[in-house]
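One structure is given below, encoded as structure tokens.
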Amino acid sequence: MLFRVDVAASEPLADQIAAQVRGGIMRGELAAGERLPAARELAEVLDVNLHTVLRAYGRLRDEELIELRRGRGAVVRGDADAARLRLAELARQFVREARKQGLGETEMLEIVKGARP
């Protein structure tokens, strides 16, 4: 999988890296058990700070999409759910847009509760 970052973008670099891994899982480009590049190696290739990559990997671990193990590195979890991941990504997009429009959490929840198929 090819990683890219846009240093001019308003989105933090760690978020960009994490989003690319999420996208890779959703599109089936990253399979269960597949290893991600070593954090140091990816930082060097992208010309970013090592801690930026570690922050991205940490978020993905917290989202239960990857496992981080000493000696094994970052590995896509076997139970990573692409459908649920897609919903989470759509929710993130909704929250970003709602915040741009000045909506608070209560207003966002009201919109979601009122949504009909």
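Keep in mind it's a predicted model, so treat the numbers as computed, not measured. These values consider heavy atoms only, across backbone and side chains, with no hydrogens, waters or symmetry-generated copies.
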Step by step, would you call R69 with V75 a side-chain contact (heavy atoms from CB on, under 4.5 Å)? CA-CA 8 Å; R69 293 195 180 164; V75 179; over 6 Å; no
Starting at CD1 of I17, measure out to OH of Y57 and round the result to the nearest 0.5 Å. 8.0 Å
Keeping the roles fixed (side chain from E44, backbone from E41), state whether a donor-acceptor pair exists under 3.5 Å. no
How about CD on Q93, more than 12 heavy atoms from neighbouring residues, nucleotides or ligands closer than 6.0 Å, or not? yes
Atom CZ of R4: over 12 foreign heavy atoms under 6.0 Å: no
How many angstroms lie between atom CZ of R59 and atom CZ of R22, to the nearest 0.5 angstrom? 8.5 Å
Hey, is CZ on R99 packed in by over 12 heavy atoms from elsewhere, all under 6.0 Å? no
Does L68 share a hydrophobic cluster with F3, counting links as ILVMFWY side-chain heavy atoms below 4.5 Å and allowing steps through other members? yes
So if I apply the side-chain contact (heavy atoms from CB on, under 4.5 Å) rule between V7 and each of L13, V48, L46, which one comes out positive? L13
I need the I66 CD1 to R35 CZ distance, nearest 0.5 Å. 12.0 Å
Rounded to the nearest 0.5 Å, what's the gap from CG on L30 to CZ on R77? Could you check? 15.5 Å
Exercise: identify the closest heavy-atom pair between A31 and V76: O-CB, 3.4 Å
Flag for E97-Q101: side-chain donor and acceptor within less than 3.5 Å: yes
ILVMFWY cluster, V95 and V112 together (side-chain gap under 4.5 Å): yes
Rounded to the nearest 0.5 Å, what separation is found between the CG atom of L103 and the CD atom of E110? 9.5 Å
side-chain contact (heavy atoms from CB on, under 4.5 Å) between L65 and I25: does it pass, once the steps are laid out? CA-CA 9 Å; L65 296 175; I25 294 170; 4.2 Å; yes
Whether Q16 side chain and E11 backbone form a donor-acceptor pair below 3.5 Å: yes
Does D47 have more than 12 heavy atoms from other residues, nucleotides or ligands lying within 6.0 Å of its CG? no
Nearest heavy-atom neighbours spanning A14 and A56: O-CB, 3.3 Å
Assess whether salt bridge (charged side-chain N to carboxylate O under 4.0 Å, His left out) is satisfied between E89 and R92, documenting all intermediate values. CA-CA 5 Å; E89 183 58 33; R92 275 190 285 279; 3.2 Å; yes
